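All residue numbers in this chain count up from 1 along the given sequence. No experiment lies behind these values; they were computed from the predicted model shown.
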Amino acid sequence: MDVSKLLNKYFLDVKSDVSINVFDASTINAVYQRVISMLTEQLKIEVSFLQGFSYCFYEILDNVLTHSGKEIGTVITYYEDDNDCLKILVADDGIGVMASLSTEEKYAEITEPEALSECVKDTVTDGKGMGFGLYATSRLAKNVGMRFEIASGRHKLVFENGCYNVVDSEEWVGTIVYLDLHTNREFDPNDIVANRTDCISEYNDMFIDDSKLNELW
């Protein structure tokens, strides 16, 4: 995977070093916990953001291993506390969104732009998952996103200024999911996941000591 290409395209304007992690089935949980723990240590980040984002982040990681046809993925993370923003990218060099969706019979004739538009909708899947992770991420982006981008093949889906558009892009063999998020805004994390799970408790149980919970509110 051409990580330098990703850095030059998505992180060229950052002010300090980024964090880069490679993960596979044996390390996905460790990488997930490493990134979320790092963010948890940043006291300016709203707890509700961490609770909602942590769910979406794991789903994006898992999508690589479940749908890409490849065994590894790459995560690039940059938190800028001066501007209260998180830039995070998850990429693979697998089969891409269109090829993945087209393995499901009802999407057999789908085009690349159509596949990108569909993949953020509820229950859209290639049959290997529930089709909820990117949908939840799209709901996160509507609440706190400056930019949400899914690039695959010669197209990308871009959410910016409250609107989605599919546009032509420089070719990427595989899939890139990129998020540029406000970290200082409060929202209901369980609304992000349409109340289908309790991501508040999931985050608290994994990353926050019970003795410290009262200090956060």
Side-chain angles (χ1 to χ4, degrees), residues 1-12 14 16-40 50 53-79 86-104 107 110 112 115-116 118-120 124-138 140-141 147-158 169-181 199 202-203 206-207:
M1 185 182 301
D2 191 347
V3 175
S4 62
K5 181 177 180 179
L6 297 173
L7 292 171
N8 287 333
K9 183 172 183 179
Y10 291 96
F11 297 89
L12 191 60
V14 303
S16 59
D17 292 341
V18 300
S19 171
I20 302 173
N21 290 277
V22 176
F23 66 95
D24 59 16
S26 67
T27 60
I28 181 174
N29 288 321
V31 168
Y32 166 72
Q33 292 186 38
R34 186 181 308 144
V35 172
I36 299 300
S37 294
M38 179 272 291
L39 295 174
T40 298
L50 292 167
F53 170 75
S54 61
Y55 176 89
C56 296
F57 178 51
Y58 187 86
E59 290 295 308
I60 295 168
L61 296 178
D62 187 63
N63 279 351
V64 171
L65 305 183
T66 303
H67 304 291
S68 75
K70 287 296 184 85
E71 296 181 353
I72 63 170
T74 299
V75 184
I76 305 174
T77 312
Y78 176 74
Y79 170 64
L86 171 67
K87 299 177 185 289
I88 192 157
L89 179 149
V90 179
D92 65 70
D93 55 358
I95 62 175
V97 175
M98 182 182 72
S100 175
L101 272 184
S102 65
T103 61
E104 180 72 5
Y107 301 119
I110 201 166
E112 194 167 82
L116 287 166
E118 290 292 310
C119 72
V120 293
V124 173
T125 177
D126 60 4
K128 298 176 183 176
M130 297 178 63
F132 186 64
L134 289 178
Y135 172 65
T137 304
S138 74
L140 177 72
R147 189 176 181 88
F148 171 34
E149 181 176 312
I150 303 174
S152 186
R154 295 182 179 274
H155 296 86
K156 61 184 178 183
L157 175 71
V158 179
S169 70
E170 183 180 0
E171 185 174 21
W172 178 265
V173 178
T175 304
I176 299 167
V177 177
Y178 172 74
L179 290 153
D180 193 352
L181 303 169
C199 63
E202 290 174 7
Y203 170 83
M206 184 170 292
F207 296 102

Student: Considering only heavy atoms from C-beta outward, does the side chain of Leu50 approach that of Leu39 to under 4.5 Å?
Tutor: yes
Student: Which atom pair, heavy atoms only, marks the closest approach of Val31 to Phe23?
Tutor: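 Looking at all heavy atoms of both residues, the closest pair is CG2-CB, 3.8 Å.
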Student: Mind checking what makes side chain to side chain contact (heavy atoms under 4.5 Å, CB included) contact with Met1, not counting sequence neighbours?
Tutor: Leu6, Thr74, Ala91, Asp93, Trp172
Student: Going from CD1 on Ile95 to OG on Ser100, what distance comes out if it is rounded to the nearest 0.5 angstrom?
Tutor: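 If I round to the nearest 0.5 Å, the distance is 4.5 Å.
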Student: Evaluate side chain to side chain contact (heavy atoms under 4.5 Å, CB included) for Met38 paired with Thr77, printing each intermediate quantity in order.
Tutor: CA-CA 10 Å; Met38 179 272 291; Thr77 312; 3.9 Å; yes
Student: Would you say Leu116 and Ser152 make side-chain contact, with heavy atoms under 4.5 Å?
Tutor: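 Contact flag for Leu116/Ser152 side chains = yes.
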Student: Counting distance only, does the side-chain N/O of Asn8 pair as donor-acceptor with the main-chain N or O of Ser4 below 3.5 Å?
Tutor: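 The answer is yes, because a donor-acceptor pair under 3.5 Å joins these two groups.
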Student: Shortest non-hydrogen contact from Asp92 to Gly94?
Tutor: OD1-N, 2.8 Å
Student: Can you name the residues that form a side chain to side chain donor-acceptor pair (under 3.5 Å) with Tyr135, not counting sequence neighbours?
Tutor: Arg139
Student: What's the verdict on ring-ring contact (aromatic ring centres under 6.0 Å, His included) for Tyr78 and Phe11, showing C-alpha distance, side-chain angles and the deciding distance?
Tutor: CA-CA 8 Å; Tyr78 176 74; Phe11 297 89; 7.2 Å; no
Student: What residues, two or more places apart in sequence or in another chain, satisfy side chain to side chain contact (heavy atoms under 4.5 Å, CB included) together with Thr125?
Tutor: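 For Thr125 the side chain to side chain contact (heavy atoms under 4.5 Å, CB included) partners, ignoring immediate neighbours, are His67.
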Student: How far does CE of Met98 sit from OG1 of Thr175, to the nearest 0.5 angstrom?
Tutor: 11.0 Å
Student: Of all residues at least two apart in sequence or in a different chain, which pass the side chain to side chain donor-acceptor pair (under 3.5 Å) check with Tyr203?
Tutor: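 So Tyr203 forms a side chain to side chain donor-acceptor pair (under 3.5 Å) with Thr40.
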Student: Is there a donor in the side chain of Thr66 and an acceptor in the side chain of Asn63, or the other way round, less than 3.5 Å apart?
Tutor: no
Student: State which residues pass ring pair (Phe, Tyr, Trp, His ring centres under 6.0 Å) with Tyr107; sequence neighbours excluded, sorted by chain then number.
Tutor: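 By the ring pair (Phe, Tyr, Trp, His ring centres under 6.0 Å) rule, Tyr107 matches no residue at all.
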Student: Run the salt-bridge test on Lys156 and Glu170 with the 4.0 Å N-O cut-off and return the result as yes or no.
Tutor: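 No, no charged N to carboxylate O under 4.0 Å.
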Student: Output all residues satisfying side chain to side chain donor-acceptor pair (under 3.5 Å) with Thr103, sequence neighbours left out; order by chain, then residue number.
Tutor: none
Student: Go through the side-chain N and O atoms of Asn21 and Ser19 and say whether any donor and acceptor fall under 3.5 Å apart.
Tutor: yes
Student: Within a strict 4.5 Å, meaning less than it, do heavy atoms of the Ile88 and Phe53 side chains meet?
Tutor: yes
Student: With sequence neighbours left out, what residues match Arg147 under salt bridge (Lys or Arg N to Asp or Glu O under 4.0 Å)?
Tutor: Glu149, Glu160
Student: My understanding is that only residues two or more places apart in sequence, or in another chain, count here; which of them pass salt bridge (Lys or Arg N to Asp or Glu O under 4.0 Å) with Lys128?
Tutor: none
Student: Using the test salt bridge (Lys or Arg N to Asp or Glu O under 4.0 Å), find all partners of Lys9 that sit at least two apart in sequence or belong to another chain.
Tutor: none
Student: Measure the shortest side-chain to side-chain distance between Tyr10 and Ile176 over non-hydrogen atoms and say whether it is less than 4.5 angstrom.
Tutor: yes
Student: Should Val177 and Leu89 be marked as a side chain to side chain contact (heavy atoms under 4.5 Å, CB included) after you check the CA-CA gap, both sets of side-chain angles, and the distance that decides it?
Tutor: CA-CA 6 Å; Val177 177; Leu89 179 149; over 6 Å; no
Student: Would you call Val18 and Leu7 a side-chain contact if the rule is heavy atoms closer than 4.5 Å?
Tutor: yes
Student: Under a 4.5 Å cut-off applied to non-hydrogen side-chain atoms, are Val35 and Ser37 in contact?
Tutor: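 They are not in contact (no side-chain heavy atoms under 4.5 Å apart), so the answer is no.
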Student: Is it true that atom CG of Asp17 has more than 12 heavy atoms of other residues, nucleotides or ligands lying nearer than 6.0 Å?
Tutor: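 Not buried by this count: 12 neighbours or fewer within 6.0 Å.
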Student: Could you pull out the closest heavy-atom pair between Ile20 and Val3, with the gap in Å?
Tutor: CD1-CG1, 4.1 Å
Student: For Glu59, give me all partners under salt bridge (Lys or Arg N to Asp or Glu O under 4.0 Å), at least two apart in sequence or on another chain.
Tutor: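 Checked Glu59 against salt bridge (Lys or Arg N to Asp or Glu O under 4.0 Å); zero matches.
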Student: Less than 4.5 Å apart, side chain to side chain, heavy atoms only: is that true for Tyr178 and Ile150?
Tutor: no
Student: Could you pull out the closest heavy-atom pair between Cys56 and Thr137, with the gap in Å?
Tutor: CB-OG1, 3.5 Å
Student: For Glu171, what residues pass the side chain to side chain contact (heavy atoms under 4.5 Å, CB included) criterion, not counting sequence neighbours?
Tutor: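 With neighbours one apart ignored, the set is Arg154, Val173.
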Student: Considering residues at least two apart in sequence or located in another chain, which fulfil the side chain to side chain donor-acceptor pair (under 3.5 Å) criterion with Lys87?
Tutor: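 Lys87 satisfies side chain to side chain donor-acceptor pair (under 3.5 Å) with Asp180 only.
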Student: Is Leu101 close to Val124 at the side-chain level, that is, under 4.5 Å between some pair of heavy atoms?
Tutor: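 Yes, side chains in contact.
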Student: Can you give me the closest heavy-atom contact between Leu179 and Ile60, atom names plus distance?
Tutor: CD1-CD1, 4.0 Å
Student: Where is the tightest heavy-atom contact between Ile110 and Ser102, given as atom of each residue plus distance?
Tutor: CG2-CB, 4.4 Å
Student: Could you state the interatomic distance from CG (Leu86) to CG (Leu181), rounded to the nearest 0.5 Å?
Tutor: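 That separation rounds to 5.5 Å.
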